[in-house]
Each structure stands twice: as C-alpha cells, then as structure tokens.
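Here's the structure, in structure tokens; my notes come after.
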Amino acid sequence: MTHTTSAPTLVWFRDDLRLADNPALAAALAQERPLILLYVLDEATPGLRSLGGAARWWLGRSLAALAADIERAGGSLLLRRGPADEVLRDLVREAGVVSVHWNRRYDAGAIALDRRIKAELTRAGVEVTSHSATLLHEPWTLRTKSGGPYRVFTPFYRAAAPLGPRRIVPRPEALPPGPDLPGDTLAAWHLEPAQPDWAGGLRASWQPGEAGAHEVLRGFLDHGIHGYAERRDRPDSEHTSRLSPFLRFGNLSPVQALAALHHAAEAGEALGRDVEKFRSELYWREFSYHLLFHNPDLATTNVNHRFDSFAWRDDGAFERAWRRGRTGYPIVDAGMRQLWQTGWMHNRVRMIAASFLIKHGLVDWRRGEAWFWDTLVDADPANNPASWQWVAGSGADAAPYFRIFNPMLQGEKFDPDGAYVRRFVPELAELPADVIHQPWRAKPEVLARAGVELGTGYPRPIVEHGAARERALAAYHRSGEE
DNA sequence: CGATCCTTGGC
DNA sequence: CCAAGGATC
C-alpha cells in the first residue's frame, strides 16, 4: 500500500466528534489513501448559527480529546478556521484531495452550505460522499400515510422504532498518516473562556469527548437506568442519562446509545419499562430533528402560526431576574443557577423554568431559547427550539397554552425534600422542606432561624402566581380572538 | 371519514 | 372537574 504517494481522502468532522461508529471516517478509511482529518471553525458563513459560550467550551474540550485519540491511532487532526466553503476549496487544491466524506447535518444553514460545497467540489472532479451518522433515521424517510411529515410524537415513534437503526461501524484500530499541512492550534481558537474564566463549574461537571461519553453511558446503564421511568423526573436524584451534550457533539451516536441500552436489557440488567422509557427519549431527540428538517426556521418562527400575533411583553427586569435565578420561586431559581454553574439543567426543571418565563412573564419563547442556546452545553439546533415551542404551545404536539405550571406544586412534587433547591440556592439551605418551595409563606421565626431575609437576601416572588396565571390566560384568549 | 388519541396539570 | 383542537389511521 502506498499511502504516502497517492492522492488523499478528506474526512470533514462536524457534529460527529468520535472515532467509533463514524460512517464517514470508516468509508474514507476503506479507500486506503492518505487521510486528512479536518475540523473547520466556521464563524463566517451567513446562515450558520454561532455556538453559544457553553457549547464553545464543550467543542474545545471535545476537539482536544479527538485530536489525542487520533494521534494515538497514528493520524493527526487538522484545524482550520474560516468560511467552510473556502477552507475546503483551498485544502482540496493544496493537497490534491480526490475524495471527501462527511456525516450529515440537519439545520437549514448547514444543509445549504454542505449542498453548495458538494456541488462545487463535484464540478471540480472531487468525489463527495455524505453519510447518515447523527440520527437513527434520516428525516426524509419518515412520512405519514397521507404523505406529510409527522407532527405528533407517538405516531412518529410507532412508525420509526420498528425500522431499527443502521448498523454500528467499528472503531478503526489505526489511522494512516496524512500529508503534512499547516493548521491552527486549538489554543489559538480561544474556545475556552479566560477572562473571566466562568467554566470552573463546567470542568467540575463534565468530561467532554468520546471516552467521557462512554464512561457516562456505562454509569447510566449500570445505575441510573434502574427506576429511570419514575425517577428521571426527579431533579434531586441521579436518574437521568446526562448524555445530551455527548449526543449534541457526536462524542456518542444515538445508534451506540440504543445498542448499549438493548444490550443491557438483554443481559437482564435493566427493566423493560425503564428501557422503553429511555428509548422513547432517544426518539424525542429524533423527533426534534425531524421537526427541524421539515421546519427549517424552527428557532425563529412559530410552528403554529396562530401565535404570530401573540402580544409578548418586553420586560427586561423580569428576564434578568429569570436569567440570574432571582425570580423568588425556588425551583425556577435553582434550575437557572444549575444551568449557569454546570451548563446543564434537569429536564423537568427546564420545563418549569421555561413555562415560568413564557407564561408568568409573557416573554417571547425566542428570548428564552437564546439564553439556553448560550448557556447549555447540550444546546442543539433541534431540541432547544423544539422544546421551547413545545412549552410555549406554539410547537408541534405542544402543551396546551392553558397548561400553566405551578412552580410551588411542581417543586413540592418533584423535589419533595428540597434537596435540589438547597444545592443550588444556598440562601435557602436551612429552610425546612414544608416551606422551601414557597418561603414567603414561612413564619417569620422560621425564616429567622434559617437565616433567610426575604427581599434583601433571597427575593420575594417577582409576580404572584395566581395573578400571573390569569394574565397569561387572558393574553392567550385575546390572541385567539384576532 | 368518524373515532380515537394525544409526554411531562391545576384548581 | 376544567381546558382545544389537530393528527392519524
């Protein structure tokens, strides 16, 4: 084999930062040519949404891990920055690339860019192949009997699940070296914050990359999955998978997660109900991408256009209090502070916090979506907007608008001992469980004993729940009359 | 087409 | 008890 003398194949990594189960990498390897492994930091192409701060941190860590994994296998990761079409055009010319492989993306900006690059390179005589890697099923393969895309989860799931995912592609044992090409250093991209360094909580919470993904997956299938169906809703317990950021950046594929889940189920390590529940959660991710593919402007436009005339309030003070975790509703504030500290929020609390911004504050869901986009390590172009629209009531298969979460009841139901609130809202740590979700109702001596000074220390509720609820229902009915 | 169903409640 | 209305077969 003459790897070093023949023309190279290029693998362009994007949302698939792993070596195992990577169809583009495997197909490129099978060509037995010198291999260029590329990542492009593209902050210049119009229509591509720039990563938020937390996601940039995750990307930096993932690339460091990927580069190390690649080097251990004998290859090297090339880093270049700029508009991806220009970067690829230059690199192809510079290195005499004859074949390019990548795994597909599904947001409109990326689809348009990839299509343009593919057309240009093909015209130039380069073979370009895209692969399915990031989803269990390609969105265009699922249609209702009447021919349209699914808009309700359950029929989607019933149609998709029996199809079964593609086969897992093995992890390559060795990577051939590629040509020596000039590239950027990761440090020069400044993906991790320096001044100020706000990422301490993220570093303490996560180990991005492929090895970290498998460690979390293993831990989840050994422990968290037991009782998952019931306890996944409890923010005070460790029964969620915490796989979302790994799936977002492709440190792990959903195909790998599903296969590991089935393996655990067959080995009798997990109960059917828990397995089924987690499987359906993987398919919720799938459904979000399906919605994104069929609604390219999911992050900016109401899926249900009845909401286009909704009179959102412009309330900077309310939004700031929400972002900082100072609404005076402990379960909301705990969630918002968990988000800021760790780059992640428990799913149940995401719903409560999102509902609070939208319904108690009447703030446009896009404002909340943008904040989550900037602060979540798992922020992706599908799940984030789809979930915000779900809470707002404007999305597909959405919660009805009149379903307004009661933050006290939700707190008491899902964090009954207050352990989650105590962890993230230390001002309230000494309050007894029976008042921790509504401290304003505690007797003065109880507050004093706990060292809580409402108003000066922990805030009083920014809105009264009952009044806010009535206001939201009235706004909804007004909107419906137009 | 009419029947049935629909992630995540609140009062 | 209340609260719509659309998706799907």
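Per chain, numbering begins at 1; letters A, B, ... match sequence-line order. Atom set for the values below is all heavy atoms of this structure, side chains included, hydrogens, waters and symmetry mates excluded.
- Checked against the 6.0 Å centroid threshold, A:Phe293 and A:Tyr289 do not count as a close aromatic pair.
- As a whole-Å value, the separation of A:Lys359 NZ from B:dG10 P is 11 Å.
- Residue A:Tyr150 places at least one side-chain N or O under 4.0 Å from the OP1 or OP2 atom of C:dC9.
- What separates CD1 of A:Ile404 from C1' of C:dA4 is a distance of 14 Å, to the nearest Å.
- Computed from coordinates, the A:Phe405 CZ to B:dG10 P distance equals 6 Å when rounded to whole Å.
- Between A:Gln410 and B:dT8 there is no side-chain polar atom (N or O) within less than 4.0 angstrom of OP1 or OP2.
- Rounded to whole Å, the distance from CG on A:Asp233 to P on B:dT8 is 11 Å.
- Under a cutoff of 6.0 Å and an axis angle of 45°, A:Arg350 and A:Trp390 do not form a cation-pi pair.
- Under 4.0 angstrom from either OP1 or OP2 of B:dG9 there lies no side-chain N or O belonging to A:Asn406.
- OP1 or OP2 of C:dT8 has not a single side-chain nitrogen or oxygen of A:Arg151 nearer than 4.0 Å.
- Rounded to whole Å, atom P of B:dG9 lies 13 Å from atom CZ of A:Phe402.
- Nucleotides B:dG9 and C:dG6 have their P atoms positioned 23 Å apart, rounded to a whole Å.
- Atom CD of A:Glu470 is separated from atom P of C:dA3 by 13 Å (rounded to the nearest Å).
- Ring centroid separation for the pair A:Phe13 and A:Phe249 does not come in under the 6.0 Å cut-off.
- Here A:Arg469 reaches the OP1 or OP2 of B:dC11: one of its side-chain N or O atoms lies under 4.0 Å away.
- Ring centers of A:Tyr329 and A:Phe356: under 6.0 Å apart, within the cut-off.
- Put simply, CZ on A:Arg348 is 5 Å from C1' on B:dT8, counting in whole angstrom units.
- Contact check, A:His465 against B:dC11: a side-chain N or O comes under 4.0 Å of OP1 or OP2.
- Atom CD1 in A:Ile331 sits roughly 13 Å away from atom P in B:dG9 (whole-Å rounding).
- Looking at the side chain of A:Thr144, the nearest of the listed nucleotides C:dA4, B:dC11, C:dC9 is C:dC9.
- Atom CD of A:Glu230 is surrounded by 12 or fewer heavy atoms from other residues, nucleotides or ligands within 6.0 Å.
- Base pairing of C:dA3: no nucleotide in any strand meets the Watson-Crick or G-U wobble criterion (both distances under 3.5 Å).
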